[in-house]
Amino acid sequence: MMGMTWIFVVVGVLASTTSAVPYPGDFLPTPKSYSGYSLLRTEPLLREDLARSLLILDGMRGIHFWKYPLVNRSSDILTSPAQLEHIQALLATLGVSHDVIIDDVKDLLAKENDVGVNGYSALEEELERAVPDKSFFQRYQRYEAIKNYAKTLASQDSRVTYENIGSSSEGKEIGLVKISSGGGNKPAIWIDGGMHAREWISPATATYIMSKLTNKEPASESLLSSFDFYIVPIINVDGYEWTHTGDRMWRKTRSRNNGRCIGVDPNRNWGFHWAEQGSSTDPCSDIYHGPRAFSEPETLSVARAIKARPNIKLYLTFHSYSQLWLVPYGYARNTRPVDYNELVRLAQVGKNALSATYGTSYRLGTAPDLLYPAAGGSDDWAKGSAGIKYAYCLELRDTGRYGFLLPSNQIVPTGEETFNGLAAMAKELHRTLKKQQTRPVGGPYVNADKELNSPSGGEAEYKL
Ligand code: ARG
Ligand code: ZN
């Protein structure tokens with residue numbers, strides 16, 4: 001769409017002129033303080049031009065969109081005290097009302113990873129028994145701790161292997177855990193987390209699922225009898241560490257863009273309809289799609305690892321927050337795959353089991369319908385380019401009370417409900433695959449399946 005392209009070009013120019021100061025984070029001896037930062041929530045933006053006007057704040061210092069401004073939905077804007085008046089004046093000019101939903105995020109930051117403050121409820125104590133490594137999941141863990149956790153698991157359980165699938169821009173290894181009870185060529189399920197650095201519940205949940213799959217209980221044993229599992233707990237390893245050491249609100253990778261601003265949005269960097277809607281050409285934007293598809297070693301390594309494993313039948317990627325079960329495609333409106341209804345059917349099974357656990361409600365649909373169109377996401381690529389029939393993006397807890405700063409005492413319940421959703425979905429997928437196998441060869445279904453599974457166009461051949 002011409003209109004869209006134009007918007008991002010304009011935003012790009014404005015945003016880069018506003019960040020004409022060297023990126024400060026690199027030289028900070030201590031993490032950036034969010035003292036006095038507040039979170040504003042606008043009323044739903046009823047017209048396209050209102051959303052467009054707010055977008056000029058994208059990439060400015062002291063401003064972070066927690067929810068991008070889009071027509072017909074409210075926008076969440078984290079702002080420094082210095083920018084507060086500026087934003088409030090802009091909102092007033094536009095006639096858009098807002099609430100201050102978090103007065104000082106510093107208070108939440110202090111609490112999110114504080115076991116003492118969060119306490120530990122009876123519910124979680126009960127759950128501890130199902131999770132041998134309970135204390136590990138009481139807190140958000142650092143990159144090294146998660147890596148060591150995975151390696152330890154591999155050294156203690158013969159069904160687990162750890163593999164380094166590539167190096168990040170800063171040279172950290174990206175770990176892939178395979179869990180397989182052996183016994184031939186099973187279909188596989190791929191799970192990844194930590195695409196976006198600040199979405200801490202995502203790596204935590206992916207790691208929790210590793211723990212569940214290896215706890216030797218009947219539910220996990222039965223899953224392992226039907227599937228092999230591949231889990232990359234943190235894709236964006238540099239960004240994740242940076243949220244612990246430099247800037248808690250960091251989203252992107254940490255690659256140097258030979259300019260002032262650092263990082264690419266890894267979930268705009270995948271080679272399927274790359275650089276189309278909902279991504280930015282501006283290296284200072286939080287949704288910068290990068291100089292080319294798969295410019296980031298993190299997305300390239302993961303894409304290669306996926307392509308090298310043709311038995312993957314289900315792709316799951318964890319983000320936060322909003323509690324959404326997203327079905328492809330996300331790159332544009334009204335671009336449902338031909339087997340969309342089948343993808344929804346399976347997702348529904350997962351969503352129901354997830355919600356049945358603690359009543360956490362999820363909405364199910366495409367990203368453009370529930371959020372916004374955004375091209376270059378891993379889910380779209382998994383479906384459209386890698387040809388994985390069932391590909392989903394889960395936006396985990398919560399719906400905005402804490403947002404990215406979800407207190408760490410929600411790791412275990414989030415992990416439990418997400419595992420239950422995954423388990424139910426996998427079971428149903430197993431049944432579905434078995435049914436397909438018993439169909440008469442050459443029957444009408446065989447051709448139909450072939451068509452559904454064949455990757456659709458839209459991407460150039462990237463070297464994977
Ligand atoms: N919150 C995610 C993001 O903005 C949603 C991605 C959904 N998938 C997609 N292909 N747009 O990256
Ligand atoms: Zn995300």
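The analysis underlying the following values was restricted to heavy atoms, covering all of them including side chains, and did not include hydrogens, waters or symmetry mates. Every number for a ligand or one of its atoms is a count from 1 in the order of the listing. This is a predicted model, so every value here is computed, not measured.
At a threshold of 4.0 Å, the pair Glu395-Lys67 does not count as salt-bridged, since none of the basic side-chain nitrogens sits closer than that to a carboxylate oxygen. Salt-bridge annotation for Glu417 and Arg397: present, with a side-chain N of the basic residue lying under 4.0 Å from a carboxylate O of the acidic one. Using a 4.0 Å cut-off between charged nitrogen and carboxylate oxygen, Glu170 and Lys172 count as a salt-bridge pair.
Close placement of the His64 and Tyr34 rings is indicated, their centers lying within 6.0 Å of each other. In summary, the aromatic rings of Tyr208 and Phe419 are positioned with their centroids too far apart to meet the 6.0 Å limit.
Atom CZ of Arg345 is surrounded by more than 12 heavy atoms from other residues, nucleotides or ligands within 6.0 Å.
Below the 2.8 Å limit, the Zn ion (ligand 2) has as protein N, O or S neighbours His196 ND1, Glu199 OE1, Glu199 OE2, His319 ND1.
Within the structure, the salt bridge (charged side-chain N to carboxylate O under 4.0 Å, His left out) test picks out the following pairs touching residues 354-382 (sequence neighbours left out): Arg336-Asp369.
For the ring pair (Phe, Tyr, Trp, His ring centres under 6.0 Å) test, no residue two or more places apart in sequence or in another chain qualifies with Tyr372.
The residues lining ligand 1, counting any heavy atom closer than 4.0 Å, are His196, Arg251, Asn267, Arg268, Leu326, Gly330, Ala367, Leu371, Tyr372, Ala374, Gly377, Asp379, Asp380, Glu395.
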Test Tyr315 against Asp192 for side chain to side chain contact (heavy atoms under 4.5 Å, CB included), laying out the working first. CA-CA 8 Å; Tyr315 173 86; Asp192 61 51; 2.7 Å; yes
